Undergrad: 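One structure is given below, represented as structure tokens, and several questions about it will come after.
The chains referred to below are lettered A, B, ... by the order of the sequence lines, with proteins before strands, and numbering in each begins at 1. The structure displayed is predicted, hence computed values, not measured ones.
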Protein chains: 2
Amino acid sequence: MQYDCITMQSITSEQRQNKQREKILAGAMRAFLTYGYAANMDTIAQEGGVAKQTVYTYFKDKESLFSALIDRLLDRFVTAGMGAELMAQEPPVFFRVLTQIALQRMDDPEYVGLIRVIIAESARFPELSETYLNRLVRPGVDSLAYYIRENPNLRFSDPEALARIIHGALVNFMISQEILNGKFMMPMSRERITASLLELILFAAEQAKQAR
Amino acid sequence: MQYDCITMQSITSEQRQNKQREKILAGAMRAFLTYGYAANMDTIAQEGGVAKQTVYTYFKDKESLFSALIDRLLDRFVTAGMGAELMAQEPPVFFRVLTQIALQRMDDPEYVGLIRVIIAESARFPELSETYLNRLVRPGVDSLAYYIRENPNLRFSDPEALARIIHGALVNFMISQEILNGKFMMPMSRERITASLLELILFAAEQAKQAR
DNA sequence: CGAAATCTAGACTATGCAGTATGATTGTAT
DNA sequence: ATACAATCATACTGCATAGTCTAGATTTCG
């Protein structure tokens, strides 16, 4: 009999099944995020430390496993609205923190891998990009647009379009630096991007205020 | 004997060989841009209207054909510096034209497909992203940075970083709208993006001028 | 303990696909 | 005309891999 290392109680069937599921998903993550959907099922089982047959008892087929993995990853990175404390900040702080949070994700290879796979496989699995846009992009852009619209110091004419511009600039910086190896070929520090973006937004905001 | 329809001269061996090459590359384009590197060689030959064996007489293997195709596509879309007449324009015109040119590429399925394939396969073929950055991104960003730096009305502190922000916003708009099907799920007109980007840059420029 | 369920390792099947071989056909050149 | 080169259609080889099967080991739990 196997014992849980903390409570020293025997592991129930359900607990063990969750554990197996986790092992499989962990293996799938390494494989899929490295090789894309082309990853092979033997490797996945091996990486998960589990027999191939076990993979198939928990997941119907490769596609199900893939979807389940992406779903779980999207959940992990879901933009949790935006903290109320952040939304209460004045623009200089708000945009600085926002930018830093967005750019910190570049350090997470699982996040970078997820974005690559979504772009790569969005032709084969359209529901992938659908979920990505709904769960990650839309909430982020919406919160940002809301902040811009509601803050009296930011009198921009089209908050939604502006939110997309800012969001796009940050996402594309990640794509070019991390996915396209730009960090070796065309390196640019996050600080410069952050500083320039702040300058751009805050100067424009100042001017917009004067203009009206 | 086959005759060229215009000159009525017999077709030379070299001419015919070029024609075959073109047919193969045309087939490869349709297949690779649709299915990525996973496209299969039978389909490619069929799409090109050519026997499979012929593909292999002109290209060593799948990888060579793939590289040749991407190279040719990158050449076609290479950012030809930027026209001198454009570089001579004042900021409002310059940025409006620049944005429109950049966003027009969204209409070209071959361009969109190329970008998707590059992102998708950059892990398997690192030289892909290398060529893309060197031939498409770098010249564009450099020209833009140069324009910003040299124009006395644009006194931004970091032209290079700003150039990347603008470039990134435009590229990411294309990715999210065309590759991730955002045009159906989160539609946004190019005009709004263009207008907002112009507002942002020109307002900020005005403020930067006053601040110094 | 002992029965039932689950897991493992590895063999096996079926399929798809890159690349090759062949033999017939067509077009080219002398 | 005839020899030659390229092309075509098609069959074939070899390999990778998704998914299944089996027999034996391990775990769960009454």
Side-chain angles (χ1 to χ4, degrees), chain A residues 1-5 7-28 30-32 34-70 121 124-125, chain B residues 1-5 7-28 30-32 34-70 121 124-125:
Chain A
M1 179 173 312
Q2 195 180 337
Y3 292 92
D4 184 283
C5 31
T7 62
M8 272 305 184
Q9 288 177 340
S10 79
I11 292 175
T12 70
S13 169
E14 191 188 339
Q15 283 174 321
R16 200 198 43 209
Q17 282 179 12
N18 280 339
K19 207 167 155 185
Q20 292 288 82
R21 244 186 115 83
E22 288 311 309
K23 285 168 76 175
I24 295 167
L25 284 167
R30 255 179 304 209
F32 280 134
T34 308
Y35 303 105
Y37 191 73
N40 90 45
M41 296 297 278
D42 291 278
T43 307
I44 290 171
Q46 213 172 332
E47 290 274 330
V50 127
K52 191 173 166 184
Q53 184 62 56
T54 307
V55 176
Y56 282 95
T57 61
Y58 285 85
F59 298 92
K60 182 176 159 288
D61 54 18
K62 189 179 185 179
E63 192 175 328
S64 306
L65 175 56
F66 183 67
S67 300
L69 174 72
I70 301 294
E121 309 295 347
R124 200 176 340 194
F125 303 109
Chain B
M1 177 172 314
Q2 193 179 341
Y3 292 92
D4 183 284
C5 29
T7 64
M8 271 306 182
Q9 288 177 340
S10 80
I11 292 174
T12 71
S13 166
E14 191 186 340
Q15 283 174 320
R16 200 196 43 212
Q17 283 179 13
N18 280 338
K19 206 167 155 187
Q20 291 290 81
R21 244 187 116 82
E22 288 313 310
K23 285 168 76 176
I24 295 167
L25 284 167
R30 255 179 302 210
F32 280 134
T34 309
Y35 303 105
Y37 193 71
N40 89 45
M41 295 296 278
D42 290 277
T43 307
I44 290 172
Q46 213 172 333
E47 290 274 330
V50 129
K52 190 173 170 184
Q53 187 62 254
T54 307
V55 175
Y56 282 96
T57 62
Y58 285 85
F59 298 94
K60 184 175 157 288
D61 53 18
K62 187 179 186 178
E63 192 176 329
S64 306
L65 174 57
F66 183 68
S67 300
L69 174 72
I70 302 294
E121 308 295 346
R124 199 178 339 196
F125 303 108

Undergrad: To the nearest Å, how far apart are B/Tyr37 OH and C/dC17 C1'?
TA: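 Checked: the OH to C1' distance equals 12 Å.
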
Undergrad: Expressed in angstrom and rounded to an integer, what is the separation of B/Gln46 atom CD from C/dG16 atom P?
TA: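 Computing the B/Gln46:CD to C/dG16:P distance gives 15 Å.
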
Undergrad: Closer to the 5' end of DNA chain C via nearest nucleotide, is it B/Lys62 or B/Gln53?
TA: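 Comparing both residues, the 5'-ward one is B/Lys62.
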
Undergrad: Phosphate oxygens OP1/OP2 of C/dA21: is one of them under 4.0 Å from a side-chain N or O of B/Tyr56?
TA: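 No, B/Tyr56 has no side-chain N/O under 4.0 Å of OP1/OP2 on C/dA21.
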
Undergrad: Base, sugar-phosphate or nothing for B/Ala45? Non-hydrogen atoms, less than 4.0 Å.
TA: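 No contact at all - B/Ala45 keeps every heavy atom at 4.0 Å or more from the nucleic acid.
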
Undergrad: In whole angstrom, give the distance that lies between atom CG of A/Asp42 and atom P of D/dC15.
TA: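 In whole Å, D/dC15 P lies 17 Å from A/Asp42 CG.
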
Undergrad: Any N or O donor-acceptor pair linking the side chain of B/Lys52 to the base of C/dG19 at under 3.5 Å?
TA: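 Under the 3.5 Å cut-off, the side chain and the base do form a donor-acceptor pair.
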
Undergrad: Could you please spell out the steps behind the side chain to side chain contact (heavy atoms under 4.5 Å, CB included) verdict for A/Met41 and A/Leu65?
TA: CA-CA 10 Å; A/Met41 296 297 278; A/Leu65 175 56; 4.2 Å; yes

Undergrad: Please report, rounded to the nearest Å, how far the P atom of C/dG16 is from the CD1 atom of B/Ile44.
TA: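 About 18 Å, once rounded to whole Å.
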
Undergrad: Can you establish whether the number of heavy atoms outside B/Phe125 located under 6.0 Å from its atom CZ is more than 12?
TA: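 Atom CZ in B/Phe125 is packed in, count exceeds 12.
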
Undergrad: How far does CZ of A/Arg21 sit from CZ of A/Phe59, to the nearest 0.5 angstrom?
TA: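 The CZ atom of A/Arg21 sits 4.0 Å away from the CZ atom of A/Phe59.
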
Undergrad: Hey, does the side-chain of B/Gln20 have a donor or acceptor N/O within less than 3.5 Å of a partner on the base of D/dA6?
TA: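 Side chain to base: no pair present.
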
Undergrad: Between D/dG19, D/dA9, C/dA9, spot the one nearest the side chain of A/Ala51, thanks.
TA: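 Looking only at side-chain atoms, A/Ala51 lies closest to C/dA9.
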
Undergrad: Nearest to the B/Val50 side chain among D/dC8, C/dG19, D/dT20, which nucleotide is it?
TA: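 From the listed options, D/dC8 comes nearest.
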
Undergrad: For the side chain of B/Asp61, starting at C-beta, report the closest nucleotide among D/dT17, C/dG19, D/dG19.
TA: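 When the side chain of B/Asp61 is considered, C/dG19 is the closest of D/dT17, C/dG19, D/dG19.
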
Undergrad: Return the value, rounded to whole Å, for the distance between atom CZ of B/Phe59 and atom C1' of D/dT7.
TA: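 Roughly 16 Å, once rounded to whole Å.
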
Undergrad: With respect to the side chain of B/Thr54, which nucleotide from D/dA6, C/dA9, D/dC8 is positioned closest?
TA: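 Shortest atom-to-atom distance from the side chain points to D/dC8.
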
Undergrad: For the atom pair CD1 (B/Ile70) and OH (B/Tyr37), what is the distance rounded to the nearest 0.5 Å?
TA: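 Here the rounded value is 11.0 Å.
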
Undergrad: Starting from C1' on D/dG19, measure out to NZ on A/Lys60 and report it in whole angstrom.
TA: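 Result: 11 Å.
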
Undergrad: Choosing from D/dA18, D/dT22, D/dT7, which nucleotide comes nearest the side chain of A/Met41?
TA: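 Selected nucleotide (nearest to the side chain): D/dA18.
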
Undergrad: If we ignore hydrogens and angles and just use 3.5 Å, is the side chain of B/Lys62 paired with the main-chain N or O of B/Asn40 as donor and acceptor?
TA: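 Checking the backbone N and O of B/Asn40 against the side chain of B/Lys62, no donor-acceptor pair under 3.5 Å is found.
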
Undergrad: Hey, is the side chain of A/Tyr58 poking within less than 4.0 Å of OP1 or OP2 on C/dT6, counting only N and O atoms?
TA: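 Indeed not, no polar side-chain atom of A/Tyr58 lies that close.
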
Undergrad: What integer distance in Å separates A/Lys23:NZ from C/dT6:C1'?
TA: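 Rounded to whole Å, this separation is 12 Å.
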
Undergrad: Separation of A/Lys19 atom NZ from C/dC7 atom C1', in whole Å?
TA: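 Distance, rounded to whole Å: 13 Å.
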
